[in-house]
Asks: 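Just passing along the structure, written as structure tokens.
Per chain, numbering begins at 1; letters A, B, ... match sequence-line order. Computation of the quantities below employed the complete heavy-atom set of this structure, encompassing side-chain atoms and omitting hydrogens, waters and symmetry-equivalent molecules.
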Number of protein chains: 2
Amino acid sequence: MNSLALLKSNKLSQTSSRIDILEVFLESDTGLTEKEIDERIDSKYDRATVYRTLKIFREKGIIHPIIAENEMTRYVLKKDPVEHIHFKCELCGNVFCLTEVNISGIKLPKGFIKKEANFLISGMCPGCN
Amino acid sequence: MNSLALLKSNKLSQTSSRIDILEVFLESDTGLTEKEIDERIDSKYDRATVYRTLKIFREKGIIHPIIAENEMTRYVLKKDPVEHIHFKCELCGNVFCLTEVNISGIKLPKGFIKKEANFLISGMCPGCN
DNA sequence: CATGTTTTTGCGACTTTGTTGCAAAAATAG
DNA sequence: CTATTTTTGCAACAAAGTCGCAAAAACATG
Ligand SMILES: [Mn+2]
Ligand SMILES: [Mn+2]
Ligand SMILES: [Zn+2]
Ligand SMILES: [Zn+2]
């Protein structure tokens with residue numbers, strides 16, 4: 001996928017910060033924090049700009065967040081819109097989208113209405129194992 | 001359950017802050033943030049003390065955390081040691097431990113080793129619905 | 001229950017994450 | 001190219017959480 005086209009299809013203006021940050025995501029297979037993005041772009045842009053970019057990418061559904069304990073929010077490219085579990089390796093720090101794990105069997109008790117779900121399992125990944 | 005006995009069985013010294021904070025948990029059926037605990041004890045203790053108390057309660061397994069997006073960590077009494085889903089109502093803010101929902105069907109792909117899981121579903125609870 | 005030892009607390013200073021208003025700069029539309 | 005709209009950098013701020021240290025409280029022991 002190409003960053004310029006991705007911005008265009010989401011009706012976002014093509015500023016160099018958005019292009020660069022999107023390319024960081026396209027080149028990474030790991031969930032990234034603002035800090036890690038900042039490093040990869042060599043602090044070329046202001047922190048506020050990176051945060052604002054993350055926010056708008058999220059609103060457009062280009063990236064999605066991974067919430068873990070005692071950690072800043074990480075973001076990954078949203079490749080698959082299907083709801084899925086995330087796995088975070090405690091050794092290498094990698095975050096995996098486990099789209100192959102079926103979670104459709106989870107049924108809520110009567111009266112509970114689901115809007116969003118956030119499933120995170122942490123442990124050791126195949127690479128570190 | 002009585003707070004003094006709970007502290008004793010966990011080999012924690014019986015200080016008034018620990019007793020008071022534990023009683024706040026025993027009287028609440030909702031997940032609580034440090035701030036909310038602070039309000040309920042009328043800021044009787046220093047913020048650092050509350051944080052240190054939460055940390056040690058957690059290490060002892062008396063409480064457990066609920067991690068949600070854009071929110072501070074909430075804690076609830078750990079009534080049931082069985083792994084379960086949490087449900088957070090976006091209207092009333094209540095957090096429910098859905099121990100009746102079976103999540104044993106979730107199997108990780110080969111090579112992934114689970115250590116901890118954090119499942120949070122947000123939406124509307126039966127009371128608000 | 002007196003006393004010495006250990007643990008916990010309050011205070012303050014600090015770090016980190018994230019947000020916001022505003023003027024300057026860049027992007028876009030015509 | 002020019003006018004309009006959007007985005008950026010800067011700086012100041014807020015809120016969550018941590019830490020060292022001296023004072024205070026809890027605990028163990030006789
Ligand atoms: Mn994912
Ligand atoms: Mn629970
Ligand atoms: Zn790994
Ligand atoms: Zn509710």
Side-chain angles (χ1 to χ4, degrees), chain A residues 3-24 31-60 62-76 88 93 95, chain B residues 3-25 31-60 62-75 88 93 95:
Chain A
S3 60
L4 293 179
L6 204 48
L7 289 173
K8 202 166 205 173
S9 67
N10 281 283
K11 289 179 182 109
L12 291 174
S13 55
Q14 314 213 336
T15 67
S16 64
S17 54
R18 286 178 184 170
I19 295 166
D20 288 355
I21 293 170
L22 194 44
E23 252 147 33
V24 167
L32 298 167
T33 63
E34 184 278 329
K35 215 180 185 179
E36 290 164 346
I37 294 165
D38 212 50
E39 284 167 19
R40 279 169 172 70
I41 58 176
D42 221 45
S43 302
K44 195 171 165 191
Y45 307 104
D46 193 77
R47 246 160 28 88
T49 301
V50 178
Y51 277 114
R52 285 188 279 231
T53 305
L54 289 174
K55 198 181 176 199
I56 204 163
F57 280 5
R58 228 181 100 174
E59 284 162 6
K60 294 289 185 177
I62 299 172
I63 57 176
H64 67 161
I66 293 155
I67 319 294
E69 202 182 338
N70 299 328
E71 284 210 51
M72 336 158 211
T73 308
R74 279 170 191 283
Y75 292 95
V76 271
K88 176 165 198 310
V95 175
Chain B
S3 61
L4 293 178
L6 204 48
L7 289 173
K8 202 167 204 174
S9 68
N10 281 283
K11 290 181 181 110
L12 289 174
S13 55
Q14 314 211 337
T15 66
S16 65
S17 53
R18 286 178 184 170
I19 295 165
D20 289 355
I21 293 170
L22 194 44
E23 250 146 36
V24 167
F25 277 113
L32 298 168
T33 64
E34 183 279 328
K35 217 180 186 179
E36 289 164 346
I37 294 165
D38 213 49
E39 284 166 20
R40 280 169 171 71
I41 57 176
D42 221 48
S43 301
K44 194 171 164 191
Y45 308 104
D46 193 78
R47 245 162 27 89
T49 301
V50 179
Y51 278 114
R52 285 187 278 229
T53 305
L54 290 173
K55 198 181 177 199
I56 204 163
F57 281 4
R58 227 181 99 174
E59 284 163 6
K60 294 289 184 176
I62 299 171
I63 58 177
H64 69 160
I66 293 155
I67 319 294
E69 204 183 338
N70 298 328
E71 284 210 51
M72 329 154 219
T73 308
R74 279 170 190 282
Y75 291 96
K88 177 161 198 310
V95 175

Asks: Does the side chain of B/Ser16 come under 3.5 Å of the side chain of B/Tyr45 through a donor N or O and an acceptor N or O?
Replies: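 Note: B/Ser16 and B/Tyr45 side chains meet the donor-acceptor criterion.
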Asks: With a 4.0 Å limit, can you tell me whether B/Tyr51 has a side-chain N or O closer than that to the phosphate oxygens OP1/OP2 of D/dT18?
Replies: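 It does not, given that no N or O in the side chain of B/Tyr51 lies less than 4.0 Å from OP1 or OP2 of D/dT18.
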Asks: Could you tell me the separation between the CG atom of A/Leu54 and the P atom of D/dT7, rounded to a whole number of Å?
Replies: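 These atoms are roughly 15 Å apart.
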Asks: Between C/dG18 atom P and B/Glu71 atom CD, what is the distance in whole Å?
Replies: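 It is 14 Å, rounded to the nearest whole Å.
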Asks: Could you tell me which non-hydrogen atom of A/Ser13 sits nearest to which non-hydrogen atom of A/Leu7, and how far apart they are?
Replies: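 For A/Ser13 versus A/Leu7, the nearest heavy atoms are O-CD1, 4.4 Å.
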Asks: Which heavy-atom pair separates A/Phe57 from A/Arg18 by the least distance, and what is that distance?
Replies: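 Answer, listing the atom of A/Phe57 first, then A/Arg18: CZ-O, 3.7 Å.
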Asks: Just by distance, do the side chain of A/Glu36 and the backbone of A/Thr33 share a donor-acceptor pair under 3.5 Å?
Replies: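 Yes, because the side chain of A/Glu36 sits within donor-acceptor range (under 3.5 Å) of the backbone of A/Thr33.
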Asks: Within the 4.5 Å heavy-atom criterion, are B/Thr73 and B/Leu54 side-chain neighbours or not?
Replies: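 Answer no - side chains too far apart.
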Asks: On DNA chain D, check which nucleotide each of A/Lys11 and B/Met72 is closest to and give me the residue with the more 5' one.
Replies: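 That would be A/Lys11.
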Asks: If you look at every heavy atom in B/Leu22 and B/Ser3, which pair is closest and at what distance?
Replies: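 Distance-wise, the nearest heavy atoms are CD2-O, 3.6 Å.
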Asks: Take B/Asp38 and B/Arg47 through the test salt bridge (charged side-chain N to carboxylate O under 4.0 Å, His left out) and record every step on the way to the result.
Replies: CA-CA 8 Å; B/Asp38 213 49; B/Arg47 245 162 27 89; over 6 Å; no
Asks: Expressed as a whole number of angstroms, how long is the span from B/Ile21:CD1 to C/dT9:P?
Replies: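 That distance rounds to 8 Å.
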Asks: Between C/dT16 atom C1' and A/Asn70 atom CG, what is the distance in whole Å?
Replies: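 About 13 Å, once rounded to whole Å.
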Asks: Using a 3.5 Å distance criterion without hydrogens, assess whether the side chain of A/Asp42 forms a donor-acceptor pair with backbone atoms of A/Lys44.
Replies: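 Flag not set: sc A/Asp42 to bb A/Lys44 has no pair under 3.5 Å.
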Asks: CG of A/Leu7 versus C1' of D/dT7: gap in Å, rounded?
Replies: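 Taking CG of A/Leu7 and C1' of D/dT7, I get 13 Å after rounding.
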Asks: Rounded off to whole Å, could you give me the CG-to-P distance for the B/Asp20 and C/dT9 pair?
Replies: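 Computing the B/Asp20:CG to C/dT9:P distance gives 11 Å.
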Asks: A/Glu34 has an atom CD; how far is it from atom C1' of C/dT19, in whole Å?
Replies: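 One finds 12 Å between C1' of C/dT19 and CD of A/Glu34, rounded.
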Asks: Produce a footprint string for nucleotides 21-30 of chain C: one letter per nucleotide, 5' end first; B if the base is under 4.0 Å from any protein heavy atom, S if only the sugar-phosphate is, - if neither.
Replies: B-----SS--
Asks: If every non-hydrogen atom of A/Leu6 is compared with every non-hydrogen atom of A/Asn10, which pair is closest and at what distance?
Replies: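 Result for this residue pair: O-ND2, 2.8 Å.
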Asks: Checking all strands, does B/Arg47 fall into the base, sugar-phosphate, or nothing category for heavy-atom contacts under 4.0 angstrom?
Replies: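 Base contact.
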Asks: Have a look at the helix from C/dC1-D/dG30 to C/dG30-D/dC1 and give the angle its two end axes make, five pairs each, rounded to 10 degrees.
Replies: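 Overall, the helix from C/dC1-D/dG30 to C/dG30-D/dC1 bends by 50° from one end axis to the other.
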Asks: Which comes earlier along DNA chain C counting from the 5' end, the contact point of A/Thr73 or that of B/Ile56, where each point is its nearest nucleotide?
Replies: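 Its nearest nucleotide being more 5', the pick is B/Ile56.
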Asks: Tell me the interatomic distance from A/Leu22, atom CG, to D/dT7, atom P, rounded to whole angstroms.
Replies: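 The distance from CG of A/Leu22 to P of D/dT7 comes to 15 Å, rounded to the nearest Å.
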